[in-house]
Trainee: 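Pasting a structure here, questions to come.
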Amino acid sequence: CVWLRGRNGAGKTTLLRVLIGLLPADEGQVRWPIAGAAVPLQPNLLYIGHATALKEDLSVLEALQFLARLQGLPADPAQLDAALGRLSLQGHAQRRVRTLSQGQRRRLALARLALDTSRRLWVLDEPLEALDEPGQLAVQALLQQHLSGGGSLLVTSHLPLGDGLAPRLEVRLGPGEG
């Protein structure tokens, strides 16, 4: 678990995007240590950015199914229902995304984490943002489960990551704005 921290504008999101190849580096190159050798390839990862990437006109179930398929995750109805349940969205499957609160949208975007049983790297930009305490606890439980199963996590967060999620490395960027 690597936790990127810093004030607003310090470059956390930009660094994440450079690391996963969505933005080019201004200088140098990104090299991932894989199997004992540093290679200029991005590893198998699941990225969830600041934006929820949800289509407003889809139902909650359709939106999760779309995101799951896009990332090569299981998308059968039972697994989708279970994932929605993990994020307290059971009973909302047929609602349109546009009717959800910001916190519910964030939960829906993060529900695909409950579908991923791989040990790949999760790169998450402010996953706890806009979530109430039960939502934060649900996401923290998913992160802990992923780490306990041998997965890796690169995360930005202004909020504490929670019990059991002590980062192996904490990187502070600065200075940014207040």
Side-chain angles (χ1 to χ4, degrees), residues 1-34 38-54 63-64 67-68 70-73 86-87 97 100-116 118-178:
C1 178
V2 176
W3 184 10
L4 294 178
R5 300 183 70 184
R7 300 174 80 174
N8 293 338
K12 298 178 301 295
T13 297
T14 300
L15 179 57
L16 284 185
R17 290 179 179 168
V18 169
L19 290 174
I20 64 171
L22 290 177
L23 289 175
D26 288 341
E27 294 181 34
Q29 57 185 267
V30 174
R31 297 177 64 84
W32 290 93
I34 300 173
V39 294
L41 302 173
Q42 83 185 41
N44 182 21
L45 59 85
L46 187 147
Y47 171 68
I48 300 178
H50 227 242
T52 59
L54 300 171
L64 181 56
L67 291 172
L70 189 65
Q71 298 222 240
L73 299 171
R86 292 279 309 264
L87 277 295
V97 169
L100 300 177
S101 71
Q102 187 59 31
Q104 289 171 321
R105 289 172 191 235
R106 192 69 179 151
R107 287 178 193 225
L108 176 55
L110 293 164
R112 68 189 119 151
L113 297 176
L115 298 169
D116 188 13
S118 74
R119 295 162 65 188
R120 64 177 149 181
L121 171 64
W122 286 358
V123 179
L124 308 176
D125 194 0
E126 296 289 347
L128 304 176
E129 181 181 316
L131 296 178
D132 56 12
E133 186 176 352
Q136 290 177 18
L137 292 173
V139 170
Q140 289 166 339
L142 287 170
L143 300 181
Q144 179 59 47
Q145 180 181 341
H146 182 64
L147 291 172
S148 295
S152 300
L153 177 63
L154 174 58
V155 62
T156 67
S157 180
H158 287 97
L159 298 170
L161 295 179
D163 295 337
L165 288 171
R168 178 162 279 192
L169 177 63
E170 187 175 318
V171 179
R172 292 183 183 266
L173 303 179
E177 299 175 15

Trainee: How close do Trp122 and Leu142 get, heavy atom to heavy atom, and via which atoms?
Mentor: CZ3-O, 3.8 Å
Trainee: Could you give the distance from OG (Ser157) to CD (Gln140), rounded to the nearest 0.5 Å?
Mentor: 8.5 Å
Trainee: Would you call Arg120 and Asp116 a salt bridge, using N to O less than 4.0 angstrom?
Mentor: yes
Trainee: Enter the distance from Cys1:SG to Leu154:CG here, rounded to the nearest 0.5 Å.
Mentor: 8.5 Å
Trainee: Quick one, Thr52 with Leu110, criterion side-chain contact (heavy atoms from CB on, under 4.5 Å). Give me CA distance, side-chain angles, the key distance, then yes/no.
Mentor: CA-CA 8 Å; Thr52 59; Leu110 293 164; over 6 Å; no
Trainee: Is the closest side-chain heavy-atom distance between Val2 and Arg168 below 4.5 Å?
Mentor: no
Trainee: Between Leu161 and Val155, does the side-chain contact (heavy atoms from CB on, under 4.5 Å) criterion hold? Intermediate values first, please.
Mentor: CA-CA 9 Å; Leu161 295 179; Val155 62; 3.9 Å; yes
Trainee: Glu129 versus His50: any side-chain heavy-atom pair under 4.5 Å?
Mentor: yes
Trainee: With rounding to the nearest 0.5 angstrom, report the CG to CG distance, Leu121 to Leu153.
Mentor: 7.5 Å
Trainee: If the condition is ring-ring contact (aromatic ring centres under 6.0 Å, His included), which residues does Trp3 pass it with, not counting sequence neighbours?
Mentor: none
Trainee: Taking the side chain as every heavy atom from C-beta outward, state whether Leu45 and Ile20 have any atom pair closer than 4.5 Å.
Mentor: yes
Trainee: Looking at side-chain heavy atoms only, is the closest gap between Ile48 and Val123 below 4.5 Å?
Mentor: no
Trainee: Minimum heavy-atom separation for Tyr47 to Arg17, with atom names?
Mentor: OH-NE, 3.7 Å
Trainee: Is it the case that the side chain of Lys12 and the backbone of Arg7 share a donor-acceptor pair, with hydrogens and angles ignored and the cut-off at 3.5 Å?
Mentor: yes
Trainee: Please give me the minimum heavy-atom distance between Val30 and Leu19, naming the atom from each residue.
Mentor: CG1-O, 3.9 Å
Trainee: Between Leu115 and Leu67, is any pair of side-chain heavy atoms under 4.5 Å apart?
Mentor: no
Trainee: Answer yes or no: is there a donor N or O on one side and an acceptor on the other, between the side chain of Thr156 and the main chain of Glu126, under 3.5 Å?
Mentor: yes
Trainee: Using side-chain heavy atoms (C-beta onward) and a distance below 4.5 Å, is Gln104 in contact with Val97?
Mentor: no
Trainee: Nearest 0.5 Å, please: how far is NE2 in His146 from OG in Ser152?
Mentor: 6.0 Å
Trainee: Between CG of Leu169 and CG of Leu4, what distance do you get to the nearest 0.5 Å?
Mentor: 8.5 Å
Trainee: State whether the side chain of Gln71 and the backbone N or O of Leu46 hold a donor-acceptor pair below 3.5 Å, judged by distance alone.
Mentor: no
Trainee: Donor-acceptor pair, distance only, cut-off 3.5 Å: does the side chain of Arg172 make one with the backbone of Gly6?
Mentor: no
Trainee: Rounded at 0.5 Å granularity, tell me how far CG in Leu128 sits from CZ in Arg106.
Mentor: 8.5 Å
Trainee: Is the shortest side-chain heavy-atom distance between Arg107 and Leu131 below 4.5 Å?
Mentor: yes
Trainee: What I'd like to find out is whether the side chain of Leu87 reaches to under 4.5 Å of the side chain of Leu113, using heavy atoms alone.
Mentor: no
